[in-house]
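Structure, as structure tokens:
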Amino acid sequence: MASLNFSSKYLKFQVGKDVATVTVDKSAPPSTYGPAFDGELFQKIASTLSVSTAIFDIDSAETIRKAVNECPQVGTIVFRRAGNQANGITAITTTEGKPLRGPKGAAWQRVIDKPNYLQTRAQFTQLRDIFLFTTGWCFEYKIIPDGFGPEYVQRRILNPQYTEITWHQRSLFGVTDPITELVKEFYYTENGVRSQILDLENLYCYVNPNILSRSEGFLPESPLKTLKYPINNSIINYKARNRMVKGPFGLITPKAKDDISSMPLLPKDKEAIQTSLRNYGSEFDDQSQYVIPDVELGFTPLMYPIKDLQLLELLKSDSAAICDRMGYEYDLLARDLGGVALNNKGEAGKNQYQNHEIPWAKLMDQQEMESLGAESNGFKIVTSFEHLPVLQEDKKLSSEVLRNNVQSYIQAFKSNQCGYADMVTNVNACMGVVTAKPYPAFANKFWAELTPEEQALFSNQNFNANDTNNQNANGGGNQAGNQGQGANNQN
């Protein structure tokens, strides 16, 4: 090994073939012995030995990719959230929120459902959101065939890693079109071919909101930048556990007390023992897990105190910080990372959509409408998640409560606790709208005042309570209305 020498104002570090020495000047102030000083020396050693430091900033395409690939929590959250967005149903509506019918609606819906020849709507949104969750921005490029309207556009999401932008040196004040007025040159590299995009008006920049812009240009920083330490801590945590498993488990020494057994082994004897012990272990299929020695041996464990290091507890703490910043419910993670049991994830899944996915989808709908000129073309883009089972539970529960309330009012009428008119009023109040229409002949009567024929007429208009769960909330209110309305029809 070649000798290495490093020195600073108060410290000298020497590494030779057989010895390593550190000399510290005794006159050095106490502040010398700290992280800044140690870090400075380590950086010098690392740069000389061509090794990288453990902690890295998340400020480039390479480090963003490293964070996603090496930190399991980040990769899990990014791909799961992108998948959640793909679960939505996106529809074209009028500016008043009604379905857009006719050829115009069909044409624009085709643009939404099939952005280009290679991707479906789900693939398009997933790719866009993966870039936004990691890089913080991405460009969409629209290709409009000559002689056709914008509804025949082919849309592509450009990978930020292969995007080169030269900006005009100007401020945002007075800018009406951010792309054509701010971008000077735009290049995109694909399959090794670098091409300049000249029709800048067909570019649109999606951005992750509420994050700071870089000092140069106008693009935002990566959302992962603020997670520098939790991400680095998690990566180091996994690597540390991996090294512990690969390291030596203990020290084997002879138990004999004679003089010969106490003699030190020569280097060649040590090598022979090491060669022999390589036949034992669990890393390869041909290794044995049992060692049969020639002499009586003792074993001294050398394992790390894993429990005292609290690696799993620290990993959960970092996971919680990552979840909070990336908009993901902590309870949805794997249990080893802090998640809860499968049967307790329902509430967390509902919160994920209500607090994160639905607001994010609205932001993306707004940006997509800007990209496609929705306002000038007279339509809106709306993404809905109401069809998902996780969001149906509340609807089902409210329907059951409504059904029970309506049935209680009907039972109160049949028990002479209220009159028919009061029952109908209570049902309408429960519904929030006037749904039940009273039958005039019953209006001022209690149940006991009805003739047997009238009671039978009311009871025969039964509403199947079991169907209420499969209908909307109006079904419960219609129960009383149907019974009164049936009397109207028969008279």
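For reference, positions follow the sequence shown, starting with 1. Side-chain atoms are counted along with the backbone in the values below, which use heavy atoms only and exclude waters and symmetry mates.
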Please determine if [X] and [Y] form a salt bridge, counting it only when a charged side-chain N lies under 4.0 Å from a carboxylate O.
| X | Y | result |
| --- | --- | --- |
| Arg170 | Glu181 | yes |
| Arg121 | Glu368 | yes |
| Lys228 | Asp57 | yes |
| Lys142 | Glu201 | no |
| Arg81 | Glu357 | yes |

Expected output: side-chain [X] to main-chain [Y] donor-acceptor under 3.5 Å:
| X | Y | result |
| --- | --- | --- |
| Glu329 | Ala348 | no |
| Thr135 | Leu132 | no |
| Thr383 | Thr90 | no |

Hey, is CD on Glu375 packed in by over 12 heavy atoms from elsewhere, all under 6.0 Å?
-> no
CZ of Phe218 to SG of Cys205, rounded to nearest 0.5 Å, is 12.0 Å
Can you list the steps and then say if Leu158 with Cys138 is a side chain to side chain contact (heavy atoms under 4.5 Å, CB included)?
-> CA-CA 6 Å; Leu158 305 183; Cys138 67; over 6 Å; no
Between Tyr328 and Gln352: side-chain donor-acceptor atoms closer than 3.5 Å | no
Are Arg156 and Gln119 linked by a side-chain donor-acceptor pair shorter than 3.5 Å?
-> no
Residue that, paired with Phe139, satisfies ring-ring contact (aromatic ring centres under 6.0 Å, His included) out of Phe186, Tyr188, Tyr187 | Phe186
Does Tyr353 have its ring centroid less than 6.0 Å away from the ring centroid of Trp360?
-> no
Please test Glu96 against Thr94 for side-chain hydrogen bond (donor to acceptor under 3.5 Å, both in side chains), starting from the C-alpha separation and ending with a verdict.
-> CA-CA 5 Å; Glu96 293 79 20; Thr94 65; 3.3 Å; yes
Which of these, Glu140, Arg155, Gln366, sits in a side-chain hydrogen bond (donor to acceptor under 3.5 Å, both in side chains) with Ser371?
-> Glu140
Establish, for the pair Lys66 and Phe56, whether the NZ or CZ atom is under 6.0 angstrom from the six-membered ring centre and no further than 45 degrees off its axis.
-> yes
Looking at Tyr206, is Arg128 sitting on its ring face, NZ or CZ under 6.0 Å from the six-membered ring centre and within 45 degrees of the normal?
-> yes
Step-by-step side-chain hydrogen bond (donor to acceptor under 3.5 Å, both in side chains) determination, Asp422 to Thr425 | CA-CA 5 Å; Asp422 291 335; Thr425 300; 5.2 Å; no
Apply the test side chain to side chain contact (heavy atoms under 4.5 Å, CB included) to residues Asn237 and Ile235: give CA-CA distance (whole Å), side-chain angles for both, the deciding distance (0.1 Å), then the verdict.
-> CA-CA 5 Å; Asn237 190 307; Ile235 295 174; over 6 Å; no
